[in-house]
Amino acid sequence: RNCDWSSDVCSSDLCKLASWGVVIGDVVSPRFWPLSNGLVPGWVQTALRGELWAAISAMKFAILQRCQIRIWCDNHTVVKRLGKFSTHKVKIKPNATNADLWRLAQQLVHQLGQSLQIVKVSSHQDPHTAQDEAEAWLFAGNEAADKLAQTAFCRHGHIYQEWTQLHRDLDAIHIMRNRVHDTMIAVAQVAVQS
């Protein structure tokens, strides 16, 4: 699961800051227990990378515990590709987008074999609108994972502060760029008239 923090105003990819979280659920209990969470490492901060990190973390846990695992994920691409990895080996080009994570995920899927199931769940759904108790449980689990992802920002306050400052700096650059552009147009108009 992930939580993608970005601004509607800032169009730069540098404005994105993403986190991820994984919770463990038991169908006999309405509770969900935190397993892991963190910020998405690296320059590329996307929802997809957050979802991949979460799935990788869950699979590593299952391997360490030597247990079966069912991953409920709200990202269609992650569910589809992990499912494809479970049926056959997929060639991942080194320069493909997110190749580093896809390669690791494929290794973990093969390592888990029949012990892994991956299932798609709808994101950001209200448990009160669920059709039955099972769907309500899934929605609640997805929400718990999203909330856990948000707590990663609390643990990394300095990074959040740097991100906030970067956001302000990029906004200031955008304003300055527009003002320089407006000045250039005004000078060009005067030059043409003269």
Would a 4.5 Å heavy-atom cut-off, applied to side chains only, mark Leu116 and Ile71 as touching? yes

Please name the pair of heavy atoms, one in Gly21 and one in Ala149, separated by the smallest distance, quoted to 0.1 Å. N-CB, 3.6 Å

Tell me whether Gln45 contacts the main-chain N or O of Ala18 through its side chain, where contact means a donor paired with an acceptor under 3.5 Å. yes

Checking Asn178 now: which residues fulfil side-chain contact (heavy atoms from CB on, under 4.5 Å) with it, not counting sequence neighbours? His174

Inter-residue atom distance Ile56.CD1 - Trp20.CH2, 0.5 Å rounding: 9.5 Å

Quick test of your reading: applying salt bridge (Lys or Arg N to Asp or Glu O under 4.0 Å), list the pairs with at least one residue in residues 75-97, sequence neighbours left out, ordered by first then second residue. none

Val40 and Thr46, any side-chain heavy atoms less than 4.5 Å apart: no

One pair to check against side chain to side chain contact (heavy atoms under 4.5 Å, CB included): Asn142 and His124. What are the steps and the verdict? CA-CA 7 Å; Asn142 193 41; His124 309 296; 5.6 Å; no

Say whether, by atom type as modelled, one donor and one acceptor occur between the side chain of Asp26 and the main chain of Ser29 under 3.5 angstrom. no

For the student: nearest non-hydrogen atoms of Gly25 and Phe32, plus distance: CA-CD2, 3.6 Å

Do any side-chain atoms of residues 98-113 form donor-acceptor pairs under 3.5 angstrom with protein atoms, and if so which ones, sequence neighbours left out?
| from | atom 1 | to | atom 2 | distance (Å) |
| --- | --- | --- | --- | --- |
| Asn98 | OD1 | Arg49 | NH1 | 2.8 |
| Asp100 | OD1 | Arg49 | NH1 | 3.2 |
| Asp100 | OD2 | Arg49 | NH2 | 3.1 |
| Gln106 | OE1 | Val90 | N | 2.8 |
| Gln106 | NE2 | Val90 | O | 3.1 |
| His110 | NE2 | Phe85 | O | 3.4 |

Determine all donor-acceptor pairs shorter than 3.5 Å in which one atom belongs to a side chain in residues 57-70; sequence neighbours excluded.
| from | atom 1 | to | atom 2 | distance (Å) |
| --- | --- | --- | --- | --- |
| Ser57 | OG | Ser36 | OG | 2.5 |
| Arg70 | NE | Gln117 | OE1 | 2.5 |
| Arg70 | NH2 | Gln117 | OE1 | 2.8 |

Heavy atoms only: give me the nearest Ala130-Ala136 pair and the separation to one decimal. CB-N, 3.3 Å

For the residue pair Ser19 and Asn37, confirm or rule out a side-chain donor-acceptor distance under 3.5 Å. no

My understanding is that a hydrophobic cluster links ILVMFWY residues whose side chain heavy atoms are under 4.5 Å apart, including indirect links. Using that, what else belongs to the cluster containing Val180? Met176, Met184

Holding to side-chain contact (heavy atoms from CB on, under 4.5 Å), I want the full list of residues that pass it with Gln165, two or more places apart in sequence or in another chain. Arg168, Asp169

Pairs where residues 111-130 contributes a residue and the test salt bridge (Lys or Arg N to Asp or Glu O under 4.0 Å) is met, not counting sequence neighbours: none

Is Leu48 close to Asn75 at the side-chain level, that is, under 4.5 Å between some pair of heavy atoms? yes

Cys73 versus Ile118, closest heavy-atom pair with distance: CB-CD1, 4.3 Å

Can you tell me how far CD of Glu135 sits from CD of Gln125, rounded to the nearest 0.5 angstrom? 7.5 Å

Tell me the closest heavy-atom pair linking Leu82 and Ala55, and the distance in Å. CD1-CB, 4.0 Å

Sequence neighbours left out, what pairs pass side-chain hydrogen bond (donor to acceptor under 3.5 Å, both in side chains) with at least one residue falling in residues 180-194? none

Give the intermediate values and the outcome of side chain to side chain contact (heavy atoms under 4.5 Å, CB included) for residues Leu35 and Val23. CA-CA 5 Å; Leu35 174 64; Val23 296; over 6 Å; no

With sequence neighbours left out, the residues meeting ring-ring contact (aromatic ring centres under 6.0 Å, His included) with Phe139 are none

